Amino acid sequence: QVQLVESGGGLVQAGGSLRLSCAASGRTFSSYSMGWFRQAPGKERESAAGISKNGIVKYYADSVKGRFTISRDNAKNTVYLQMNSLKPDDTAVYYCAARQPTRGTWGEQRWYDYWGQGTQVTVSS
């Protein structure tokens with residue numbers, strides 16, 4: 001069982017930056033691949049970024065590539081999402097999630113077993 005708690009969301013002006021954190025409970029965090037997803041008002045939840053269990057392999061949606069950076073610190077049971085050059089279109093609730101690395105691919109939500117409660121990111125123009 002893994003419990004995930006996101007933090008770091010807030011209100012920021014376009015062009016600004018935020019860093020989201022996702023703290024995981026349990027001693028098996030390092031065995032999970034992690035992902036960040038987001039859901040904008042009136043839209044379906046979509047993938048944003050993913051990272052392998054050892055932090056070496058990273059994936060990004062085209063919409064965030066070059067602006068967002070995913071990282072993790074397995075010693076601290078935490079995964080991060082550094083978001084730079086934010087745009088109003090980035091406004092959404094951001095969720096972190098954990099999946100077994102042998103199941104599915106990073107962008108497929110159905111393979112993620114554990115989800116956080118989400119943190120709101122609002123980017124004003």
Side-chain angles (χ1 to χ4, degrees):
Q1 188 79 6
V2 177
Q3 292 185 324
L4 304 172
V5 179
E6 302 96 336
S7 61
L11 173 64
V12 64
Q13 288 187 333
S17 299
L18 282 175
R19 187 173 86 152
L20 305 183
S21 299
C22 173
S25 65
R27 293 174 289 179
T28 59
F29 173 74
S30 60
S31 66
Y32 288 89
S33 296
M34 299 297 296
W36 282 99
F37 297 82
R38 64 185 186 179
Q39 186 167 21
K43 296 185 178 180
E44 293 186 354
R45 190 165 56 190
E46 62 179 14
S47 55
I51 189 167
S52 60
K53 63 180 182 178
N54 56 15
I56 293 177
V57 183
K58 302 177 183 182
Y59 308 91
Y60 298 97
D62 288 343
S63 58
V64 308
K65 200 172 294 182
R67 301 186 299 119
F68 290 11
T69 302
I70 188 171
S71 62
R72 67 189 296 164
D73 185 337
N74 286 343
K76 295 182 178 179
N77 280 11
T78 303
V79 62
Y80 304 97
L81 186 67
Q82 177 67 43
M83 306 186 295
N84 298 328
S85 301
L86 283 162
K87 306 173 181 179
D89 284 349
D90 296 318
T91 295
V93 177
Y94 284 72
Y95 301 89
C96 68
R99 68 175 175 91
Q100 294 288 349
T102 55
R103 300 178 67 222
T105 59
W106 79 275
E108 295 182 281
Q109 299 181 45
R110 64 192 176 107
W111 296 111
Y112 285 79
D113 299 311
Y114 304 105
W115 292 81
Q117 82 290 348
T119 186
Q120 176 71 47
V121 172
T122 303
V123 184
S124 63
S125 57

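Since the model is a prediction, treat every value here as computed from it, not as a measurement. When reading the values below, keep in mind they use all heavy atoms of this one structure, side chains included, and skip hydrogens, waters and symmetry mates. Sequential numbering from 1 along the given sequence is applied to the chain's residues.
- Under the rule for a side chain to side chain donor-acceptor pair (under 3.5 Å), the partners of Thr122 that lie at least two apart in sequence or sit in another chain are Gln120.
- In this structure, the side chains of Leu20 and Glu6 stay at 4.5 Å or more apart for every pair of heavy atoms.
- Side chain of Arg45 to backbone of Val93: no donor-acceptor contact under 3.5 angstrom is found.
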Can you list the steps and then say if Met83 with Val12 is a side chain to side chain contact (heavy atoms under 4.5 Å, CB included)?
CA-CA 11 Å; Met83 306 186 295; Val12 64; over 6 Å; no
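- Between atom OG of residue Ser125 and atom NZ of residue Lys87 there is a gap of 14.0 Å, rounded to the nearest 0.5 Å.
- When all heavy atoms are compared, the tightest approach of Met34 to Cys22 is CE-SG, 4.4 Å.
- In this structure Ser17 satisfies the side chain to side chain donor-acceptor pair (under 3.5 Å) test together with Asn84, sequence neighbours excluded.
- Heavy atoms only, all atoms of each residue included: Ser21 and Thr78 are closest at CB-CG2, 4.2 Å.
- Within the structure, ring pair (Phe, Tyr, Trp, His ring centres under 6.0 Å) pairs that include any residue of residues 33-55 comprise Phe37-Tyr112, Phe37-Trp115 (at least two apart or interchain).
- Shortest non-hydrogen contact noted between Ala24 and Val2 is CB-CG1, 4.1 Å.
- Residue pairs satisfying the ring pair (Phe, Tyr, Trp, His ring centres under 6.0 Å) criterion with at least one member in residues 82-111, sequence neighbours excluded, are listed as follows: Tyr59-Trp106.
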Output a table of donor-acceptor pairs, distance under 3.5 Å, between side-chain atoms of residues 61-68 and any protein atom two or more places apart or on a different chain; print 'none' if there are none.
unit_1	atom_1	unit_2	atom_2	d
Asp62	OD1	Lys65	NZ	3.1
Ser63	OG	Arg38	NH2	3.3
Arg67	NH1	Ser85	O	3.0
Arg67	NH1	Asp90	OD2	2.7
Arg67	NH2	Ser63	O	2.8
Arg67	NH2	Asp90	OD1	3.0
Arg67	NH2	Asp90	OD2	3.4

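- Under the 4.5 Å side-chain criterion, counting only non-hydrogen atoms from C-beta, Arg99 is not in contact with Tyr32.
- The only member of Asp73, Ile51, Asn74 that meets side chain to side chain contact (heavy atoms under 4.5 Å, CB included) when paired with Val79 is Ile51.
- Residue Asp89 holds its CG atom at 6.0 Å from NZ of Lys43, rounded to the nearest 0.5 Å.
- Taking CD from Gln100 and OG from Ser31, the interatomic distance works out to 5.5 Å, rounded to the nearest 0.5 Å.
- The shortest non-hydrogen separation linking Ala98 to Leu4 is N-CD1, 3.9 Å.
- In this structure, CG on Asn77 lies 8.5 Å from OG1 on Thr28, to the nearest 0.5 angstrom.
- Taking the side chain to side chain donor-acceptor pair (under 3.5 Å) definition, one finds that Arg103 meets it with Asp113, sequence neighbours left out.
- For the atom pair OH of Tyr80 and OG1 of Thr69, the computed distance is 14.0 Å after rounding to the nearest 0.5 Å.
- The line from OG of Ser33 to CG of Asn54 is 8.5 Å long, rounded to the nearest 0.5 Å.
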